[in-house]
Amino acid sequence: MYTQAMDIPDESGKKLAAVSNAPSDQEAAFEARIDADGRIEPQDWMPDAYRRTLVRQISQHAHSEIVGMLPEGNWISRAPSLKRKAILIAKVQDEGGHGLYLYSAAETLGTSREQMLEGLHSGKAKYSSIFNYPTLNWADVGVIGWLVDGAAIMNQVPLCRCSYGPYARAMVRVCKEESFHQRQGYEALLVMMKGTDEQRAMVQDAVNRYWWKCLAMFGPPDADSPHSAQGMRWGIKRISNDDLRQKFIDATVPQAKVLGVTLPDPELKWNEARGHYDYGQIDWAEFWNTVEGNGPCNKERLATRVKAHNDGQWVRDAAQAYARKQKERALKEAA
Amino acid sequence: MNTPALKDWPLWEVFVRSKQGLEHKHCGSLHAADAAQALHMARDVYTRRQEGVSIWVVPSVAITASNPDDKGELFDPAADKIYRHPTFYEIPEEVGHM
């Protein structure tokens with residue numbers, strides 16, 4: 001669903017075996033391919049730092065998809081109709097699928113599923129902070145589709161042109177599916193806006209709580225984003241945090257108008273000279289506080305995720321025991 | 001806190017035929033205990049929107065890949081054999097499409 005990874009340091013990727021001291025002609029070939037906007041594939045030589053950056057970014061991205069199932073998953077049993085329930089189940093299932101595409105892409109870089117899950121479950125690895133906020137009412141589910149997935153799409157579309165082949169291919173698949181996520185959310189909100197005053201107030205309340213968090217999803221301002229330049233150089237990141245944020249705001253303002261909600265920023269106004277909307281100050285202290293683990297739901301999300309994983313252990317064990325038994329039986333029959 | 005994850009579940013490569021008459025195309029990979037489970041998972045992970053009419057799963061270890069370092073000797077010799085392409089040959093205009 002989303003990546004803020006370039007800017008958020010964590011432990012992932014550090015444990016990879018270093019394939020260092022490569023001859024400089026390999027490095028030159030790598031640089032030349034990057035300069036020519038070519039693609040890097042798993043077996044190609046790549047600098048350690050490129051590999052580590054990708055492992056960190058792709059694994060954080062995968063973790064975000066997986067944890068991203070939780071805030072909405074809360075609402076599956078309480079969806080207002082069978083139709084909305086079916087839609088929500090499909091969406092949450094997509095997020096799980098996106099996590100799997102991305103874990104697979106990261107594994108091509110030499111990390112393992114186990115290492116990545118260990119990073120997530122121990123709290124060493126990061127995931128998108130947006131999922132550390134609660135989903136208080138049904139309108140939150142619509143707003144997550146419209147704004148959170150909308151921001152995610154802005155972030156992810158340029159990643160389809162990422163220099164690392166497996167990541168780019170996974171993103172093409174993700175982006176195709178993500179469009180449904182945003183549209184279903186927006187449509188759910190349109191329906192609520194045609195309802196009662198209370199329902200309209202719920203939508204406005206959800207927008208008020210999520211707007212600024214969504215703007216923070218694009219990561220720190222370019223000036224405070226030390227990894228960004230290298231990521232751009234390597235063709236991992238294609239558009240800067242601030243430019244993506246601006247694109248998102250410019251696209252969202254007219255959608256808010258059609259929906260009939262107010263975006264909670266008194267400084268939000270069209271700037272004729274820039275050809276963009278101006279906007280107010282994002283609370284970065286709050287963002288970093290949540291990234292560091294002190295948001296309203298960090299502990300709950302992680303605990304739920306770990307419990308789900310541990311509760312599924314018997315299924316994994318049973319599948320493995322069955323596979324082993326089948327193999328033994330086949331061997332015996334062949335003998 | 002953690003239980004063993006997918007350490008013993010091998011990796012499978014997934015190929016999907018999008019429609020009858022087209023080839024199976026590689027679309028990704030996944031971990032599964034055995035072939036039957038790999039097929040089930042591939043169905044859920046890669047064909048939620050009717051992307052396919054047929055799936056192949058292959059243990060990743062069964063694939064032998066060419067080495068990128070050998071790219072030159074494997075593929076470059078073909079570069080100067082332009083006579084293998086139809087555009088190498090000039091045919092009089094009046095012959096039309098050939």
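Chain letters run A, B, ... following the sequence lines, proteins first and then strands; every chain starts at 1.
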Other residues, nucleotides and ligands only: do more than 12 of their heavy atoms fall within 6.0 Å of NZ on B/Lys81?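 It does: B/Lys81 NZ has more than 12 such atoms within range.
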More than 12 heavy atoms of other residues, nucleotides or ligands under 6.0 Å from NE2 of B/His40: is that the case?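 Atom NE2 in B/His40 is not packed in, count stays at 12 or less.
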Selection from A/Ala29, A/Gly97, A/Ala319 maximising heavy-atom pairs under 4.5 Å formed with chain B: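 Option with the greatest count: A/Ala319.
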Chain B contact via A/Arg173 - which portion, at a heavy-atom distance below 4.5 Å: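 Just its side chain gets close to chain B.
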Checking A/Glu107 against chain B: side chain, backbone, both or neither under 4.5 Å from a heavy atom?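 The side chain, not the backbone.
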CG on A/Leu100 to NE2 on B/His31, rounded to 0.5 Å: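 B/His31 NE2 to A/Leu100 CG: 9.5 Å, rounded to 0.5 Å.
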State the CZ-CH2 distance between A/Arg316 and B/Trp9, to the nearest 0.5 angstrom.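 Rounded to the nearest 0.5 Å, the CZ-CH2 separation comes out at 7.0 Å.
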B/Asp34 bridged to A/Lys325 by N-O distance under 4.0 Å: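 The answer is no: the pair does not qualify as a salt bridge.
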Tell me, for B/Ser60 versus chain A, whether the close heavy atoms (under 4.5 Å) come from the side chain, the backbone, both or neither.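 Neither part.
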Kindly indicate, with the supporting measurements, whether the criterion side-chain contact (heavy atoms from CB on, under 4.5 Å) is fulfilled by B/Arg48 and A/Asp94. CA-CA 8 Å; B/Arg48 287 195 298 281; A/Asp94 274 356; 2.7 Å; yes
A/Ser104 side chain to B/Ser29 backbone, donor-acceptor under 3.5 Å: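 Checked: pair present.
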Main-chain N/O of B/Val45 paired to A/Tyr101 side chain as donor or acceptor, under 3.5 Å: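 Side chain of A/Tyr101 to backbone of B/Val45, a donor-acceptor pair under 3.5 Å: yes, one is there.
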Tell me, do A/Phe180 and B/Arg49 make a side-chain contact under 4.5 Å, heavy atoms counted?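 SC-SC contact between A/Phe180 and B/Arg49 confirmed.
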